[in-house]
Amino acid sequence: MSSTRKLWLGLAALLVASFAVLLWVGSLVHQQAPPLPTAVVTSGDETLYTKGDIELGREVWQSIGGQQLGSIWGHGALLAPDWSADWMHREAVAMLELLAHDRGAASFDSLDAEHQAALKARVQAEVRTNTYDPATDTIKVSPLRAQAMMVVGAHYMSLFSNDPATARLRKVYAMRDNTIAELDHRRAVTAFFWWVSWATTADRPGSTISYTQNWPYDPLTGNTATPASFMWSVFSVLFLILGIGLLGWHHARQVSHEPLPPIPARDPLTELKPTPSMKATGKYFWTVLALFLAQILLGATTAHYQVEGQQAYGFALANYLPYSLTRTWHTELAVLWIATAWLATGLYIAPLISGHEPKFQRLGVNFLWVCLLVIVVGSFAGQWFAVMDKMGLQYNFWFGHQGWEYTDLGRFWQIFLFIGLMLWLFLVGRALWPAMRGDREGASIVGLLFLSTVAIGLLYGAGLMWGEHTHIAMVEYWRWWVVHLWVEGFFEVFATAVISYLFVKLGLLRVGSATTNVLFATIVFMAGGVLGTLHHLYFSGTTTAVIALGASFSALEVVPLAMIGLEAHDTWKKQHAAPWMARYRWPIMFFVAVSFWNLIGAGLFGFLVNTPIALYYMQGLNLTATHAHTALFGVYGMLGLGLMLFCLRGIKPQAEWREGWLRGSFWCLNIGLSMMATLTLLPLGILQLKAALEHGYWFARSAEFMDRPLIHLLVWMRVPGDTLFAVGALLIAVFVASLWLLPKRRAASLPLPQGTIESA
């Protein structure tokens with residue numbers, strides 16, 4: 001049996017086993033998710049909230065931005081509180097104050113330490129005792145807790161209105177006045193916030209651990225890290241060391257030192273004339289840059305809200321473009337422009353690989369581009385109408401704002417995008433098909449490229465697995481299939497296969513070694529990548545099995561990064577393989593940057609927040625934002641830009657490339673991203689971590705902490721890095737525009753095309 005066949009069988013077995021376990025965990029989450037009661041009642045059977053109230057509150061919360069305005073169970077925006085943590089702490093404080101008043105004290109703080117300890121123990125017993133009754137499907141609360149719920153509920157009713165009493169908080173949280181205009185809707189939101197808070201402290205039946213694994217940390221309610229979080233964090237480090245050791249042993253034993261193939265005398269790709277469909281992908285790259293620039297502008301606006309709250313240099317911006325909307329569009333655009341770059345690469349490279357241009361391929365490419373524009377404009381318009389309270393709740397789920405970070409599109413637009421991905425799969429697949437038939441050289445690596453295309457198309461469908469009223473623990477489970485497996489998983493396999501095949505076409509890699517390397521890299525990545533999805537779900541109403549599996553396999557995600565320096569050096573050397581490789585200097589430099597940020601953003605900052613014990617204290621703080629920015633743009637964004645430049649070399653083979661603009665763009669983007677992380681996100685995250693350890697998670701996200709002058713200073717320190725980053729984006733946009741608008745040709749410096757790809 002050939003080594004390639006063995007690798008294919010190993011990859012197939014790995015994926016079958018990994019997805020089987022992932023689906024089994026999903027069934028556990030479904031069975032053991034926190035119960036949603038028919039009613040919340042007092043010991044005197046007075047109804048405080050109904051299931052309808054809780055579900056209506058969730059709908060309202062989603063319509064105003066959901067996870068884009070504060071967070072729930074740690075997932076969401078970094079500005080405004082985590083509502084589950086905030087309610088939990090406020091309710092405990094309210095109970096302590098009520099108990100102190102019952103004892104004749106002016107306040108809880110006026111009591112001596114002994115009496116305070118007794119009252120804290122009483123409150124912990126109140127919140128940790130699970131009073132859900134399966135027989136009646138109700139949660140029963142004591143009169144004390146019911147009073148405290150009314151106190152906290154009144155606070156939120158005021159906060160989401162235009163009450164002057166909470167005006168300062170709205171400013172700090174970047175909430176517009178009358179975020180929720182209707183009184184009944186504000187009351188319903190308090191029901192939803194109470195329920196997600198209840199799940200954070202109520203012990204699971206037969207356990208002393210809450211539904212969210214005792215997250216968030218708050219000593220006042222007895223929420224402290226579980227033994228499982230400590231134990232599996234230690235094991236994850238051991239798995240990491242073991243994985244690095246095994247990979248190093250394999251590299252030393254198996255890596256081939258065969259000589260490079262004979263380097264062609266000139267660029268092989270210049271002999272291929274781009275087909276009509278390949279040329280048609282040019283508009284995709286214009287769209288990529290337009291979306292990228294829009295994302296940067298919205299990112300700057302979102303960051304500025306942290307210092308001026310509801311305004312931008314005195315202008316009441318929140319009345320027209322609230323924070324929850326700018327952040328929604330900022331995060332969505334990040335995924336959209338990167339995905340568009342990769343999708344365009346697939347459309348461009350498929351005819352290049354097969355030498356076959358199917359009938360009506362150009363029409364399909366153009367039609368898909370129009371669909372993309374309709375989806376972006378339509379979904380963004382729907383989200384604006386939803387957040388501005390100009391769309392009824394009955395339409396919000398389908399056309400407005402779903403409220404789930406990175407998957408905020410209304411269901412209609414999700415379905416439309418899924419159909420678009422199926423069209424992309426069809427277009428790429430039929431162009432690749434001739435290259436996969438028979439025993440053609442490179443058929444195996446093309447097959448892997450095609451299978452990753454299939455996975456990209458189908459896995460977005462995980463975003464359609466929940467409904468409007470699906471339990472939020474299950475929504476989180478399926479949502480991370482999209483965010484982790486779709487974006488971080490199979491897109492990376494696709495990109496790895498594309499880059500390897502490009503180097504094969506350039507004559508810099510042998511087909512056999514490229515195939516083996518890509519298959520092995522896919523196996524190594526997927527060994528941790530599939531079940532590593534679970535590290536996002538440690539505290540989302542899931543079981544201890546999620547912590548055990550997530551910690552173990554997410555550590556393996558970092559293993560391939562141990563060899564990243566070798567990969568970066570090997571990629572960097574390719575630009576010097578032949579004089580004509582100077583044409584590809586900047587695409588290759590962007591690939592080298594991908595390796596660097598893979599090590600720093602995905603590796604260093606990723607593992608910083610990856611283990612259960614680390615994420616227990618860091619989830620939803622700026623340390624996770626440090627990882628997100630440096631990994632999402634540093635790895636996937638740089639990769640998208642590098643692939644774009646490779647494709648543009650073929651689309652505009654004889655256009656003048658203004659190297660200075662690309663040089664300036666490359667260094668501005670990389671230095672700007674570094675400054676953004678080291679001057680603001682990392683120090684702010686460290687300060688928040690210290691605050692969380694000293695006072696509890698609620699404090700690290702509170703207005704008291706976030707409205708400090710030092711925090712504002714750190715936010716302002718983003719300006720130099722953000723500005724440099726924006727200059728880099730403008731430079732690459734101007735460079736791409738120049739390929740069409742200033743098409744100077746290098747006389748006699750490039751050979752004329754000698755071959756064409758036949759149109760079928």
Side-chain angles (χ1 to χ4, degrees), residues 25-26 28-30 32-35 66-67 70-78 81-89 127-128 130 193 195-204 207-219 221-233 236 404-405 471-481 483-484 531-554 606 608-621 623-625 627-628 685 688-689 692-693 696-701:
V25 170
L28 287 183
V29 174
H30 174 71
Q32 301 187 36
Q67 291 178 335
S71 57
I72 292 291
W73 292 349
H75 294 304
L78 306 180
D82 179 273
W83 304 111
S84 46
D86 189 66
W87 182 294
M88 175 188 72
H89 187 78
V127 298
R128 300 209 67 82
N130 190 338
F193 285 173
W195 177 77
V196 292
S197 168
W198 172 82
T200 65
T201 54
D203 290 337
R204 285 185 180 274
S207 174
T208 57
I209 298 171
S210 77
Y211 290 102
T212 59
Q213 300 292 318
N214 286 0
W215 189 92
Y217 173 60
D218 192 340
T221 61
N223 265 18
T224 55
T226 64
S229 295
F230 284 101
M231 180 177 70
W232 288 107
S233 295
S236 72
W404 307 112
E405 189 181 29
H471 196 289
I472 65 171
M474 287 306 300
V475 174
E476 284 295 299
Y477 170 79
W478 288 114
R479 184 172 75 90
W480 286 107
W481 273 56
V483 180
H484 183 90
L531 292 179
T533 306
L534 298 176
H535 83 261
H536 298 284
L537 301 172
Y538 291 150
F539 315 118
S540 297
T542 52
T543 63
T544 302
V546 170
I547 288 183
L549 290 168
S552 302
F553 286 91
S554 64
L608 173 67
V609 299
N610 228 354
T611 60
I613 193 61
L615 201 60
Y616 179 80
Y617 296 105
M618 298 179 191
Q619 180 168 266
L621 304 183
L623 288 172
T624 57
H627 162 57
Q688 283 186 298
L689 175 60
L693 291 170
Y697 181 83
W698 67 273
F699 182 73
R701 296 282 301 273

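Throughout, numbering of the chain's residues begins at 1 and tracks the sequence.
Side-chain atoms of Ser552 never come within 3.5 Å of backbone atoms of Leu549 as a donor-acceptor pair (strictly under, hydrogens ignored). A distance-only check finds a donor-acceptor pair linking the side chain of Gln67 to the backbone of Glu405 [under 3.5 Å]. Not a single donor-acceptor pair under 3.5 Å links the side chain of His536 to the backbone N or O of His75. Of the possible donor and acceptor atoms, none in the side chain of Asn130 sits under 3.5 Å from a partner among the backbone N and O of Ala202. For the pair Asp218 (side chain) and Gly696 (backbone), a donor-acceptor distance under 3.5 Å is absent. Within the 3.5 Å criterion, the main-chain N or O of Ser540 finds no donor-acceptor partner in the side chain of Trp73.
Between the CG atom of Asp82 and the CD atom of Gln619 there is a distance of 8.0 Å, given to the nearest 0.5 Å. Distance check: Phe539 CZ to Tyr616 OH gives 7.5 Å after rounding to the nearest 0.5 Å. Atom CD1 of Ile209 and atom CD1 of Ile547 lie 7.5 Å apart (nearest 0.5 Å). A distance of 8.5 Å separates OG1 in Thr221 from CG in Asn214, rounded to the nearest 0.5 Å. Leu534 CG to Tyr477 OH: the interatomic distance, rounded to the nearest 0.5 Å, is 7.5 Å.
For His471, the ring-ring contact (aromatic ring centres under 6.0 Å, His included) partners two or more places apart in sequence, or in a different chain, are Trp195. In terms of the side-chain contact (heavy atoms from CB on, under 4.5 Å) criterion, residue partners of Ala551 (sequence neighbours excluded) are, by chain and number, Trp232, Ser236, Tyr538, Pro612. Taking the side-chain contact (heavy atoms from CB on, under 4.5 Å) definition, one finds that Ser197 meets it with Trp87, Met88, Thr200, sequence neighbours left out. Applying the salt bridge (Lys or Arg N to Asp or Glu O under 4.0 Å) criterion to Arg128, with sequence neighbours excluded, gives Asp203. Every residue meeting the side-chain hydrogen bond (donor to acceptor under 3.5 Å, both in side chains) condition with Asn610, not counting sequence neighbours, appears here in chain and number order: His535. Under the rule for a side-chain hydrogen bond (donor to acceptor under 3.5 Å, both in side chains), the partners of Ser229 that lie at least two apart in sequence or sit in another chain are Thr226. Applying the side-chain hydrogen bond (donor to acceptor under 3.5 Å, both in side chains) test to Gln213 and every residue at least two apart in sequence or in another chain returns nothing. For Tyr211, the ring-ring contact (aromatic ring centres under 6.0 Å, His included) partners are Trp198, not counting sequence neighbours. Under the rule for a salt bridge (Lys or Arg N to Asp or Glu O under 4.0 Å), Arg701 has no partner lying at least two apart in sequence or in another chain. Every side-chain hydrogen bond (donor to acceptor under 3.5 Å, both in side chains) that Thr212 has, sequence neighbours left out, goes to Ser210. Residues passing the side-chain contact (heavy atoms from CB on, under 4.5 Å) test with Thr543, sequence neighbours excluded: Leu28, Gln32, Arg204, Ala545, Val546. Partners of Asp86 under the salt bridge (Lys or Arg N to Asp or Glu O under 4.0 Å) rule, at least two apart in sequence or in another chain, are Arg90.
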- Task: Please lay out, stage by stage, how Tyr617 and Leu693 fare under the test side-chain contact (heavy atoms from CB on, under 4.5 Å).
- Result: CA-CA 7 Å; Tyr617 296 105; Leu693 291 170; 3.6 Å; yes
